[in-house]
Number of protein chains: 2
Amino acid sequence: MSPAPSKPVDLKQACIDEAFAIIQSKGLEKLSLRDVARRLGVSHQAPYKHFASRDHILAAVVARCYAEFALYMEANVPETDSFESLHAMGLAYLNYAREHPLEYRLMFGSVLPDPELHEEMMQQAQYAFSLLHNKLEKLPLKHAADMATDLEKHDAIFVWSTLHGLATLLQSGVTDTLTLSQAEKAVAIERAMSRISLALDPETRGAP
Amino acid sequence: MSPAPSKPVDLKQACIDEAFAIIQSKGLEKLSLRDVARRLGVSHQAPYKHFASRDHILAAVVARCYAEFALYMEANVPETDSFESLHAMGLAYLNYAREHPLEYRLMFGSVLPDPELHEEMMQQAQYAFSLLHNKLEKLPLKHAADMATDLEKHDAIFVWSTLHGLATLLQSGVTDTLTLSQAEKAVAIERAMSRISLALDPETRGAP
DNA sequence: CCTCGCTGGTTGACAGTGTCTACTATCTAT
DNA sequence: ATAGATAGTAGACACTGTCAACCAGCGAGG
């Protein structure tokens, strides 16, 4: 007979896995709950016992992305609060985005209509963000004269913005416009990290 | 009788307008060609005479966003190649993103499955990007000792990354995580602009 | 003047989707 | 042993994108 998929014991987890696989192979907009069910060899209504709607299964996929992203950052960023640590974090962040473009897009591509409706996912997102945020707030920053309020928060946002923007630009079609080779992308990354260091601590003159 | 919508002379343009209105009021994923047709008082197949598929109408909407974005930037960025001009461009960029969150998301939220398939849209995008790119490449930059290749391109990417990342972060749910008020967002923007100046020209000490 | 083909419109059909409701089997706690 | 929850099935409905076939006007060429 045809290779009827075996019904997994944990259907909920299996749905998330399968949904991700479908997005990966056919694209986000082709994801359908019925397809998930079919591939898992269950009825088209079975997934509804675990997810209230298509958006909810998508939210679960995104939540898993945040969780894995957090694990990656925890594993690849040292504990110290120095600029070496900042450099490492930046590279880790950009590496993750480069190695997991789909996951990155799911997390930051605003793919869900109403993110705030999905509690679990929001928590995973906030935890991942808190990793970045905490690390950035501990940096020994230099402030220029005109910076009235010296809230570290705003500098954290500056660093994060640069990392996030660079990650997005490098994996969007923009790189075609700029005709950036793979090697040049690496240079752009190093350059950005240098400029960040220079921005936060002018004496370093951009050295990592 | 019920307010039957009058059939517009230029159906193609009307479709684009109506599609954008639908996205604005009901969300991107609720956009349907049949709904567009219904609102315009034409048959459900009429739009297909002007757009090959749902994606193609979406691409037309996005193309229009790029065109308007380009107009905005051209109108709000001075011609000079100084750092004042950089500051103005940054603010214009971030203002546009703040005032037109939907358009910004349509342009940068990777909302189309295969952007490269839509010629017209790609051209609009490239023109808009070239405005940023040209402006950034003309800046008088200072290079630190360790920056081997002094291609302006990479610094342009750094600046653009920060602007783009900040625009994205400020309008994503992340700001809730960071509990940023509207006033603090403005501070974050000014801070980021200062840090950019500092990064590119350490002597300025971040003053605009 | 007739006819051809093109452009832009119509209706109808089909497969596929999300989701509602109703039914069933199976385990579990009392 | 039985009642209830849990996790699955089957069917129906409204809606979608898209294909095919058909039709009105209209300008060009004979």
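Just so it is clear: chains get the letters A, B, ... in the order the sequence lines come, proteins before strands, and each one is counted from 1.
The base of dG11(D) sits with one of its N or O atoms less than 3.5 Å from a complementary donor or acceptor on the side chain of His44(A). Contact of Arg34(A) with dG18(C) (side chain to base): a donor-acceptor pair of N or O atoms is detected under 3.5 Å.
Side-chain contact between Arg195(B) and Leu198(B): present, with at least one pair of heavy atoms (C-beta onward) separated by less than 4.5 Å. The shortest side-chain heavy-atom distance between Ile22(A) and Leu28(A) does not fall under the 4.5 Å cut-off.
At whole-Å resolution of the value, CG in Asp10(A) and P in dT6(D) are 16 Å apart. Distance Ile57(A) CD1 to dT17(C) P: 14 Å, rounded to the nearest Å. Summarising the geometry, the separation between CD on Gln13(A) and P on dA7(D) is reported as 15 Å, rounded to the nearest angstrom. Between the CD atom of Glu29(A) and the P atom of dG18(C) there is a distance of 13 Å, given to the nearest Å. With rounding to whole Å, Lys30(A) atom NZ is found 12 Å from dG18(C) atom P. Rounded to whole Å, the distance from OH on Tyr48(A) to P on dA10(D) is 17 Å. The interatomic distance linking Lys49(B) (NZ) with dG9(C) (P) rounds to 9 Å, in whole Å. Atom CZ of Arg54(B) and atom P of dT18(D) are 9 Å apart (whole Å).
Note on His50(A): every side-chain N or O is 4.0 Å or more away from OP1 and OP2 of dT6(D). For the pair Arg38(B) and dC15(D), the criterion of a side-chain N or O lying under 4.0 Å from OP1 or OP2 is not met.
By the 30° and 60° cut-offs, the orientation of the rings of His164(A) relative to Tyr104(A) is tilted.
Taking every side-chain heavy atom of Ser32(A) into account, dT17(C) is the closest of dT17(C), dT18(D), dG9(C). The Leu33(B) side chain lies nearest to dG17(D) when the options are dG17(D), dG8(D), dT10(C).
Residues Phe69(A) and Tyr93(A) place their aromatic rings such that the two centres sit under 6.0 Å apart. Taking the six-membered ring wherever Trp is involved, the centroid distance between the rings of His100(B) and Tyr96(B) falls below 6.0 Å.
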